[in-house]
Amino acid sequence: MAEATPQTIYLKDYTPFGYQVDEVHLTFHLSPKATRVVSRIEFTPKPDAVERSFFLHGEQLKLIAAKIDGQPVSPDVTAQGLTCDVPSTPFVWESEVEISPVTNTALEGLYMSNGMYCTQCEAEGFRKITYYPDRPDVMSTFTVRIEGDEKVLLSNGNPTDSGEGWAEWHDPWPKPAYLFALVAGDLVNHPDSFTTASGQDVELNIWVRPGDEGKCAFGMEALKKSMTWDEQVYGLEYDLDIFNIVAVDDFNMGAMENKGLNIFNSSCVLASPETSTDANFERIEAIIAHEYFHNWTGNRITCRDWFQLCLKEGLTVYRDSQFTSDMRSASVKRISDVIDLRGRQFAEDNGPLAHQVRPESFQEINNFYTATIYEKGAEVIGMLKRLVGDEAYAKAVALYFERHDGQACTIEDWLQVFEDSTGRDLSQFSKWYSQAGTPRIKVTDDYSDGTYTLTLEQSTPPTPGQPDKDPRVIPVAVGLLGQNGDEVRGTEVLELTEAKQSFSFDGLASKPVPSILREFSAPIIMERESTNAERAFLLAHDSDSFNRWEAGNTLAKEARVAMVLDAAAPDADYLDALTKLVRDDSLDPAFRALVLSPPSQSDLAQTLFERGHTPDPQAIYDAAETFAQTLAEALTDSLPRLYADTTVQGAYSSDAESAGKRDLNARILSLLTRLDGGEAAARQYDAADNMTQQNAALACLLKAENGEAQSQAFYDQWQGDRLVMDKWFGLQVACSAPKKAASAAANLTEHALFDLKNPNRFRAVMGALAMNQAGFHYEGGAGYQLLADNLIALDALNPQTTARMCSAFQTWKRYDSTRQELIRAQLERISATDNLSRDTNEMVSRILNG
Ligand code: 0A1
Ligand code: ZN
């Protein structure tokens, strides 16, 4: 059992801290088991304070000494922090605490990874370093002195002085404690420099473990591109003399935007053609941009409290997606983002973990770094921009930076700048922040006397704690096509504000074919009766590339639904359209690859569930297999030529065009493997000089159960590279047939290189199991049990990663009663574990009771 009654924190209870923090001085005497942290903090009581009690957060700290204005004091200390009597005039608080970085397996606060010291303070990790008002609305300048034997000693801001065994840093920008960072280790750097638009020189470094120097160049280019882009598109410049990035092997998330000292999971920064796939390169570029963009959206303007997390995350994800669209293909980026949104956020929004983009209560804030806050939060920004227009968006954002620089803000502040600069009333729009759940829009249409009418009806299903919802403002981008495929009306944004509303288009010579929700203009589920003929027409003619793909995606889904429900054969018209598309060299290879990629098994399960069926993961898997086999056979004559034509020759380049071609090539190889048993894949494996092709070939071979030799060769070649070995661990499970997936994962947890303490390795195996839907849900429940065993074991070491992984169970109510009972038993077993963390306890009880 977890702690007796976990405390719930409410947005409505927000009260400002009663003291202003004027200056923070920290001195670290580093030692693995007994680091001493000495703090000297200047406080001024706020004259208008509502809350007078002086409470400093502090967890797992050994208090050695405390003083106020130089005089020893004896505060009241609990497991959460301390309170102390303090003067009513400005005073200096000093404390000395002892902490043990080497035993910190939660990877929160100050910890050690491969012998290097590093920190993770968001959201509430600083309180594990020293006593402090650890809340984002308390902002101060920090001066830090680090004493240690390590060659490299880093903190936020600019370096001010250093000598043998010590270094000092000063960060002139007031910041909340969650942006504090410290790194100490025998690291090497990949240096570069950047001159800002206004002529400031900035020293850039990527710091890595010796041996990884060769994997930094791509990340450095991505950083410089991000800096330039933010100047050009948002007019935002960097504001310190130095920008450091450090790669760390043990990290709970992707990366962290600490001021001037970003800390990255090494998987999100290290890249080389031999060890990284195209997908890795693209993700690294996006994450470097994301963390860099936080310097303004997050750091210069931060969040008043953690309920406002989407203020920085939604906006920063939106900005990084704009960046990727500009650097690569905008339409491919949009389609990929929607696939991801539907796969992760829709699953969350339509299950027991559904929550608002701005939640109003939580037990553990770390459980709210979710697809809803990040990705739906970004969609909300995109809708706002679409509603007000590009120019008004730019003006409002400029006002946001002008008005709120240096402040800790709320969603109300954000919406206010849009209201003030556009004159628009955004009270109804704000429901996107306060109402959880994915809206459904039912669409019907009518044509008579040259007038075409679209009727849109919106509703949002109940979510935990919110049975009823009001209508929202929903921008629905629509275009109309004539019978010959020409566009008769260009894209127009309909503003749906009522529960039911009609929109008319006059002067049409004949009934048009509507292209609705172009560019996926709102994160909703559209319900509309359509025919395969109409979908095929849009797939062939729509000028909106998102909707073109969407038409193909719907065809793909409907074909599989019919196969699952009616044991139908794969739809012949769709197969025909697909074979034509694959062969159409005039189309962008990346787009062809997307059209060829099947809808996810989870998406199909959700679709079936919504239509009142109980999804059978095995039947969904079998339909996907049959479909792919039929497609491969239909393409028998073309596959070898297509494979040859799409094979990228010459030296590897990670650019979007080559990557799109390799993606298409990999999908063709997987079809070809169904016909040749793996001959082409084995040849590709032997010839590959880059990880994208090596990985794709190995995946095909493992799936065909004909890759033992290559798997061993891969292991022998890469066993010394942790990131590549994560791929090896993941592939064994991802490519397993459903009935073997759980045992494959179980065997891997016994492998000498499996390491519960390394989140990347844990996720490689357990994440792959959860993603292998038919394997995870295979009859008998071995997958559920294995995951629960591992979650229980991990919770004692690392609550954050355990709690995140619990979401693998979030869709349990979709399934049949046997599976539900098997899952319930595992969730209850986890919940009954002694000393279960607050993180995991909250997730399991929300999943069980939501
Ligand atoms: N703010 C970071 C993500 C992050 C969040 C929480 C962490 O620990 C609990 C670590 C990183 C980002 O958005 O990139
Ligand atoms: Zn972020």
Side-chain angles (χ1 to χ4, degrees), residues 59 104-111 113 118-129 134 136 156 175-181 183 219 222-223 226 230 245-269 283-303 306 308-324 344 357 362-378 381 759-760 763 798-805 807 837-840 842-843:
E59 290 176 13
N104 179 353
T105 56
L107 314 182
E108 195 185 36
L110 177 66
Y111 65 95
S113 172
C118 58
T119 53
Q120 173 53 42
C121 294
E122 186 175 8
E124 298 179 333
F126 192 72
R127 63 191 63 182
K128 294 183 168 177
I129 293 177
D134 186 9
N156 315 92
K175 66 168 176 292
Y178 83 85
L179 292 172
F180 169 81
V183 169
L223 174 61
S226 308
D230 217 13
I245 287 178
V246 181
V248 172
D249 284 334
D250 303 285
F251 201 74
N252 281 330
M253 308 279 275
M256 180 62 213
E257 70 264 24
N258 317 298
K259 183 81 188 187
L261 178 53
N262 287 1
I263 297 184
F264 273 63
N265 185 322
S266 50
S267 71
C268 298
V269 54
R283 186 166 135 82
I284 287 167
E285 185 176 81
I287 296 183
I288 292 210
H290 179 96
E291 304 311 330
Y292 176 73
F293 297 158
H294 266 314
N295 189 53
W296 276 92
T297 50
N299 301 3
R300 287 287 285 261
I301 303 181
T302 193
C303 303
W306 290 119
Q308 321 294 332
L309 182 56
C310 66
L311 178 73
K312 73 177 177 84
E313 295 305 347
L315 180 54
T316 307
V317 171
Y318 184 71
R319 276 153 50 67
D320 84 54
S321 69
Q322 288 182 298
F323 169 78
T324 300
R344 299 189 304 116
V357 172
F362 61 74
Q363 288 176 6
E364 173 51 64
I365 183 57
N366 287 335
N367 289 335
F368 285 83
Y369 287 79
T370 60
T372 297
I373 307 279
Y374 276 65
E375 275 74 30
K376 190 174 176 183
I381 309 277
N760 290 359
R763 281 188 287 255
N798 184 337
Q800 245 186 65
T801 290
T802 309
R804 287 182 79 72
M805 198 64 86
S807 59
S837 67
R838 178 173 61 208
D839 311 54
T840 304
E842 182 188 25
M843 289 297 277

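Just follow the structure's listing: the first ligand is 1, and inside any ligand the first atom is 1.
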Task: Check: Phe264 and Ile284 side chains under 4.5 Å, non-hydrogen atoms - done: no

Open item on the list: I need the contact residues for ligand 1: any residue with a non-hydrogen atom closer than 4.0 Å to the ligand, ordered by chain then number.
Closed with: Gln120, Glu122, Met253, Ala255, Met256, Glu257, His290, Glu291, His294, Lys312, Glu313, Asn366, Tyr369, Tyr374, Gln800

Task: Test item: Phe368 and Trp306 side chains (from C-beta on) under 4.5 Å apart, heavy atoms - done: no

Task: Distance-only side-chain donor-acceptor flag, Thr302 / Tyr178, under 3.5 Å - done: yes

Task: Contact check: Glu313 to the Zn ion (ligand 2), N/O/S below 2.8 Å - done: yes

Task: Minimum-distance atom from the Zn ion (ligand 2) among N, O or S atoms of His294 - done: NE2

TODO: Say whether, by atom type as modelled, one donor and one acceptor occur between the side chain of Ser321 and the main chain of Tyr318 under 3.5 angstrom.
DONE: yes

TODO: Would you mind reporting whether Met843 and Thr802 have side-chain heavy atoms less than 4.5 Å apart?
DONE: no

- [ ] Mark yes or no for whether Glu291, through its side chain, and Asn262, through its backbone, hold a donor-acceptor pair below 3.5 Å.
- [x] no

Task: With Asn760, the side-chain hydrogen bond (donor to acceptor under 3.5 Å, both in side chains) member among Asn265, Asp249, Asn252 - done: Asn265

